[in-house]
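This is a predicted model, so every value here is computed, not measured.
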Amino acid sequence: MKPQIHRIIKLTEAQLVLKLHTAALMYSNYVDTTLLFIFSKGKESPYGVYEVSFYQYNFMHLAGIKSQTKSAKEFYEACLSGTIKKEDCSPTHSINNMYEKISVINNLLDFKHSKCYRMGEKDLITKDNDFELATGNNTGVIGYDHRISQSDSKKINQNKKAMPTTLLTTPITQLVSNPEKIMFILQKTIEEKMYQKILYEIKNDLLKEKYTLLPQNIQDIICCYNSEA
């Protein structure tokens, strides 16, 4: 594996605010919803599935920020409204790491144009990542995990659904040895039991064609082609 070369990135306050605002607008498409990623090595290969729920408070961490002035929800809302300030943005690790993440986050959240995205089980483990699955491309990855720690505890809340837990500016092929294509993305509100919206499919009407090849438990929660829904 070739070592990743990190560029030194500098952002003015105006650039910082604009990039965070643009990313928050993209992220708002997913807030309080659950996405069902359906992925495969090809149209005729077995399908894998993974559900991820997105909340306002996940956004700040993905941006590499631990604000000293705002809660995670307040931070997201300020980014969304374009009123975030530079002093609200304290880096979780380093300034350059924060700027790197802010520079790619919008690209990595653009799931609707995800033909070049890949998903796969994380198998090239490093000390800097800890997640189950990832979506990404050659600019970085967003990692997801359902092993969410309880507040002020080392215990894991087994009832939690997977959430976005990290963003790395490492190409996905350096983390996942056999990435797979995202074939379909379905969306529902967190409260809904059934998926009624197709957010993305790699080819028009392909989900209708391949619906019966999906695992039965997944067929049962897709309204689009479920005759019993």
Side-chain angles (χ1 to χ4, degrees), residues 20 23-39 48-67 70-80 91-93 97-98 101-102 104-112 114 117-123 125-126 128-137 140-170 172 175-176 179-180 182 184-195 197 199-200 217-218 221:
L20 285 171
L25 283 173
M26 179 67 74
Y27 191 78
S28 69
N29 292 311
Y30 317 122
V31 168
D32 294 331
T33 75
T34 298
L35 299 187
L36 175 66
F37 292 99
I38 303 175
F39 51 97
V49 297
Y50 195 75
E51 290 183 284
V52 183
S53 295
F54 293 78
Y55 300 92
Q56 292 182 357
Y57 56 79
N58 298 127
F59 180 79
M60 183 172 73
H61 184 68
L62 294 181
I65 292 171
K66 188 173 183 179
S67 178
K70 296 183 181 298
S71 68
K73 181 179 179 181
E74 291 170 341
F75 178 85
Y76 166 75
E77 290 174 342
C79 290
L80 189 61
T92 303
H93 299 294
N97 177 266
M98 180 182 79
K101 291 187 177 188
I102 291 171
V104 301
I105 184 173
N106 190 60
N107 178 282
L108 295 177
L109 287 169
D110 189 7
F111 298 129
K112 287 186 177 180
S114 55
Y117 280 60
R118 298 291 184 266
M119 172 174 266
E121 291 187 17
K122 178 205 61 177
D123 50 13
I125 299 173
T126 77
D128 296 320
N129 66 62
D130 183 20
F131 49 83
E132 296 174 318
L133 293 173
T135 55
N137 55 25
V141 302
I142 295 177
Y144 311 96
D145 207 316
H146 80 278
R147 299 166 298 173
I148 310 301
S149 298
Q150 296 181 13
S151 299
D152 302 318
S153 169
K154 293 184 178 180
K155 295 182 179 180
I156 301 299
N157 188 339
Q158 299 291 350
N159 297 319
K160 287 281 189 179
K161 288 188 177 180
M163 294 189 293
T165 57
T166 191
L167 185 152
L168 302 175
T169 56
T170 303
I172 194 168
L175 297 170
V176 182
E180 301 185 56
I182 294 179
F184 316 105
I185 305 174
L186 280 71
Q187 185 177 38
K188 69 179 184 66
T189 66
I190 289 174
E191 293 78 16
E192 290 176 324
K193 294 182 178 180
M194 305 284 287
Y195 287 92
K197 180 178 180 180
L199 189 67
Y200 168 79
N217 64 318
I218 298 301
I221 58 174

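- Checking side-chain atoms of Y50 against main-chain N and O of E132 turns up no donor-acceptor pair under 3.5 Å.
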For this session: Decide yes or no on side chain to side chain contact (heavy atoms under 4.5 Å, CB included) for L167 and V104, but give the supporting numbers first.
Result: CA-CA 9 Å; L167 185 152; V104 301; 4.0 Å; yes

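- Taking every heavy atom of both residues into account, T92 and K66 meet most closely at OG1-N, 3.5 Å.
- Taking all atoms of both residues into account, the shortest heavy-atom contact from S28 to L80 is CB-CD1, 4.0 Å.
- Rounding to the nearest 0.5 Å gives a distance of 11.5 Å between NZ of K197 and CD1 of I185.
- Taking the side-chain hydrogen bond (donor to acceptor under 3.5 Å, both in side chains) definition, one finds that Q56 meets it with nothing, sequence neighbours left out.
- Note that CE of M26 and CG of N106 are 4.5 Å apart. Values are rounded to the nearest 0.5 Å.
- How far CE of M194 is from CG of L186: 10.5 Å, rounded to the nearest 0.5 Å.
- The closest side-chain donor-acceptor pair between Y144 and T135 falls under 3.5 angstrom.
- When all heavy atoms of I172 and A134 are compared, the pair lying nearest together is CD1-O, 3.9 Å.
- S53 is linked by a side-chain contact (heavy atoms from CB on, under 4.5 Å) to T34, Y55, K161, I190, counting only residues two or more places apart in sequence or in another chain.
- Considering only heavy atoms from C-beta on, F37 stays 4.5 Å or farther from Y200 through its side chain.
- Rounding to the nearest 0.5 Å gives a distance of 11.5 Å between CE of M60 and CG of L20.
- The distance from atom NZ of K101 to atom CD1 of I142, rounded to the nearest 0.5 Å, is 10.5 Å.
- One distance of note links CE of M98 with CD1 of I65; it measures 5.0 Å at 0.5 Å rounding.
- For H61 (side chain) and T165 (main-chain N/O), a donor-acceptor pair under 3.5 Å exists by modelled atom type.
- The two residues A23 and I105 have their closest heavy-atom pair at CB-CG2, 3.5 Å.
- A cation-pi arrangement is absent between K73 and Y57 under the rule of less than 6.0 angstrom and at most 45 degrees off the ring axis.
- Closest approach of F39 and I182 over heavy atoms only: CB-CA, 4.2 Å.
- Side-chain contact between L108 and V141 is absent, with no heavy-atom pair separated by less than 4.5 Å.
- Between P164 and V52, the closest heavy-atom pair is CD-CG1, 3.7 Å.
- Between Y76 and Y27, the angle of the ring planes goes over 60°, which puts this pair in the perpendicular group of the 30/60° scheme.
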